[in-house]
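Since this is a predicted model, take the numbers as computed values, not measurements. Lettering of chains follows the sequences in order, A, B, ..., and the numbering in each one begins at 1.
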There are 2 protein chains.
Amino acid sequence: MEKEFIFGHQNPDTDAIGTAIAYSYLQNKLGYNTEAVALGEPNDETTYALKTFGFEAPRVIEKAADEVKAVMLVDHNEPQQSVSDIDQVKVTHVVDHHRIMNFNTADPLYYRAEPVGCTSTVVWKMFNEQGVEIPKNIAGIMLSAIISDTLLLKSPTTTDFDKQAVEALAEIAGVDYKEYGLTMLKAGTNIASKSEEDLIDLDAKSFELNGHTVRVAQINVVDLAEAMERKEAFLSSMSQASEANGYEMFMLLITNILDSDSEALVVGSDETKALFEKAFDAKLVDSEVKLPGVVSRKKQVVPPLTEAFEG
Amino acid sequence: MEKEFIFGHQNPDTDAIGTAIAYSYLQNKLGYNTEAVALGEPNDETTYALKTFGFEAPRVIEKAADEVKAVMLVDHNEPQQSVSDIDQVKVTHVVDHHRIMNFNTADPLYYRAEPVGCTSTVVWKMFNEQGVEIPKNIAGIMLSAIISDTLLLKSPTTTDFDKQAVEALAEIAGVDYKEYGLTMLKAGTNIASKSEEDLIDLDAKSFELNGHTVRVAQINVVDLAEAMERKEAFLSSMSQASEANGYEMFMLLITNILDSDSEALVVGSDETKALFEKAFDAKLVDSEVKLPGVVSRKKQVVPPLTEAFEG
């Protein structure tokens with residue numbers, strides 16, 4: 001069978017990379033010939049998870065069509081979050097947990113999305129449905145993905161399925177998920193060693209909102225005050241990135257993973273900043289606003305922004 | 001739990017109506033509050049299937065938002081094939097076996113599509129995955145849907161899953177699927193009693209192909225020659241429908257269900273007719289062309305048209 005790539009979104013997080021590895025394992029067991037690849041280097045958190053469970057980082061690709069005719073997507077579907085030549089390959093499978101946007105195909109395909117906290121939770125269900133045994137290291141990387149996406153089951157995106165998956169996978173992986181999870185999340189919060197330019201690109205996604213290109217980046221920290229000391233440098237990097245890439249608004253969500261609160265920094269035109277304020281019913285002061293309880297870009301940021309931009 | 005509608009596409013066929021009934025039964029067993037409705041009256045074939053297994057035809061709706069806030073779609077996703085106010089309701093679930101086109105959501109949702117012959121085959125899998133027993137009459141209507149969409153497992157869209165589903169459902173329903181299937185298909189081939197205007201609208205779908213609105217209708221017959229005697233009247237009705245609705249091309253696929261061959265009638269501009277000829281590498285003579293072996297709009301008509309219109 002001809003080889004297909006499996007990959008998550010650009011600026012990959014632990015779900016994008018971990019689920020690509022797990023889904024590739026499952027699909028190969030079911031008779032497909034797949035290779036898990038990534039659209040970027042793993043971040044510190046993902047590197048910690050990969051190392052803990054004995055995986056090498058998947059090789060990084062920018063284009064797919066020079067190597068394969070068909071691909072499978074995990075943890076994303078929006079073309080601008082995917083490989084740059086996505087229109088040159090056939091998408092045969094998608095496993096995801098996001099909204100569907102601008103994803104069009106010429107042919108029927110396999111598409112499995114569920115409104116759960118993590119793509120690995122869907123893949124965990126698929127292992128069970130297919131009766132395929134989950135190896136210890138695959139369980140570990142899927143567990144890491146779910147802990148990452150749900151901030152240890154505390155994000156409002158968390159469902160009962162995520163909890164069941166975490167319990168089951170932690171047992172297979174042989175770890176105490178609370179202890180391992182906190183250590184893994186903290187491994188991703190070391191912002192002191194990174195430039196503002198790098199930090200605003202680590203976990204960033206672009207969205208087309210009613211014709212406007214909006215960038216939403218997120219950083220996890222354990223000390224919000226420490227991060228906000230670098231506010232002016234963040235704003236400057238965000239403005240530069242917006243100019244270089246045509247973002248009409250750039251929002252940086254800085255999330256304290258310990259108490260599940262966030263502050264947002266926003267740069268953009270007066271029009272888009274007004275739409276931001278409408279979306280969150282909150283006033284930006286010096287480009288800054290507290291967003292108590294907001295930790296999920298997917299569930300608490302993109303839907304209100306979408307509504308405000310379309311309204 | 002607040003009520004949601006479940007429905008298939010406009011101009012419903014046996015899959016659209018039968019799968020809505022079966023999926024509604026499954027979802028209600030799983031704790032949802034759903035009602036199966038339809039976006040049109042059942043055709044002769046569907047009426048026969050409903051009657052055989054003791055179902056009333058689902059009530060017909062044109063709009064959803066005045067009655068429910070959320071809906072579940074089966075057997076379609078493209079907005080122009082759906083309820084007219086689809087943008088006024090939230091789509092929470094989709095079960096389908098078509099390409100994905102212009103289907104956009106603000107929020108994550110449950111989406112399950114597989115490249116199999118019939119949506120009921122996917123729902124059959126879901127019954128099994130969830131461990132929900134399939135009642136005799138639900139098995140019968142799902143069986144009817146699969147027989148209809150796969151032309152008794154002879155369409156090139158047919159997969160091993162469709163065959164497995166047909167075997168399993170026929171046993172539960174207590175029918176010889178070949179005998180029942182041929183009788184059911186023949187019930188849908190009585191074109192003598194219907195006007196050309198009705199026939200070109202019975203099983204018709206609109207597609208946006210690179211900005212062009214293209215209408216593709218299909219009629220099942222047991223005698224191609226008998227149907228072709230009405231060619232001029234078909235062409236005239238197709239031209240009138242195109243003018244009234246802004247279709248840039250109208251294609252009528254007349255399929256002989258006994259030998260799995262088709263003839264196509266096409267009206268449209270010189271440009272769209274040239275694209276049609278490019279798509280099928282075949283010459284229209286007097287608006288007519290034989291398409292041997294072509295029986296599936298989804299697999300053998302829409303993909304080549306999409307490619308030709310986009311190339």
Side-chain angles (χ1 to χ4, degrees), chain A residues 73 75-78 87 90-119 121-122 125-126 128-131 149 156-157 159 161 207-210 279 296-311, chain B residues 73 75-78 87 90-119 121-122 125-126 128-131 149 156-157 159 161 207-210 279 296-311:
Chain A
L73 311 183
D75 196 29
H76 75 296
N77 66 84
E78 305 192 32
D87 57 335
K90 178 170 175 168
V91 179
T92 64
H93 293 67
V94 178
V95 186
D96 195 12
H97 67 135
H98 293 91
R99 70 171 189 174
I100 297 176
M101 188 60 76
N102 299 324
F103 180 81
N104 298 315
T105 66
D107 295 284
L109 75 162
Y110 186 102
Y111 200 109
R112 175 84 175 251
E114 300 193 22
V116 295
C118 178
T119 317
T121 301
V122 184
K125 283 186 171 190
M126 293 164 74
N128 295 340
E129 287 162 11
Q130 299 290 339
D149 265 24
T157 56
T159 67
F161 290 122
F207 298 91
E208 293 296 326
L209 301 181
N210 202 19
S296 166
R297 173 169 47 201
K298 171 152 50 81
K299 193 146 185 167
Q300 297 172 296
V301 175
V302 176
L305 281 180
T306 301
E307 200 174 319
F309 274 74
E310 283 176 358
Chain B
L73 311 183
D75 197 28
H76 75 296
N77 66 83
E78 304 192 33
D87 57 335
K90 178 171 176 167
V91 179
T92 64
H93 293 66
V94 178
V95 186
D96 195 13
H97 67 135
H98 294 89
R99 70 170 189 174
I100 297 176
M101 189 61 76
N102 299 326
F103 179 81
N104 297 315
T105 66
D107 294 284
L109 75 161
Y110 187 100
Y111 199 109
R112 176 83 175 251
E114 298 193 23
V116 295
C118 177
T119 316
T121 301
V122 184
K125 283 186 170 191
M126 292 164 74
N128 295 340
E129 288 162 8
Q130 300 289 341
D149 265 23
T157 57
T159 67
F161 290 122
F207 298 90
E208 292 298 326
L209 301 181
N210 201 19
S296 166
R297 174 170 46 199
K298 174 151 48 83
K299 194 147 184 167
Q300 297 171 296
V301 174
V302 176
L305 282 180
T306 301
E307 199 175 321
F309 275 73
E310 284 177 358

### Task
Report yes if the side chains of B:Pro303 and A:Asp107 come closer than 4.5 Å at any heavy-atom pair, otherwise no.
yes
### Task
Could you tell me whether the side chain of A:Lys299 reaches within less than 4.5 Å of the side chain of B:Pro108, counting heavy atoms only?
no
### Message
Looking at B:Arg99, is its backbone amide N or carbonyl O close enough to the side chain of A:Thr105 to form a donor-acceptor pair, meaning the two atoms are under 3.5 Å apart?
### Response
no
### Message
Return the CG to CG distance between A:Asn102 and B:Asn104, rounded to the nearest 0.5 Å.
### Response
5.0 Å
### Query
Do the side chains of A:Tyr110 and B:His97 get nearer than 4.5 Å, heavy atoms only?
no
#### Entry: Euclidean distance, B:Glu129 CD relative to A:Gln130 CD, rounded to 0.5 Å
8.0 Å
### Task
Against chain A, label B:Glu114 side chain, backbone, both or neither, depending on which of its atoms sit under 4.5 Å from a heavy atom there.
both
### Query
So which part of B:Thr306 gets closer than 4.5 Å to some heavy atom of chain A, the side chain, the backbone, both or neither?
side chain
### Summary
For B:Ile100 and A:Tyr111 the tightest heavy-atom approach is CD1-CD1, 3.3 Å
### Task
Under 4.5 Å heavy-atom distance to chain A, tell me which part of B:Asn128 shows up: side chain, backbone, both or neither.
neither
### Task
Return yes when atom CD of A:Glu208 has more than 12 non-hydrogen atoms of other residues, nucleotides or ligands closer than 6.0 Å, and no otherwise.
yes
### Query
Quick one: CG on A:Asp87 to CD on B:Glu310, what's the gap to the nearest 0.5 Å?
10.0 Å
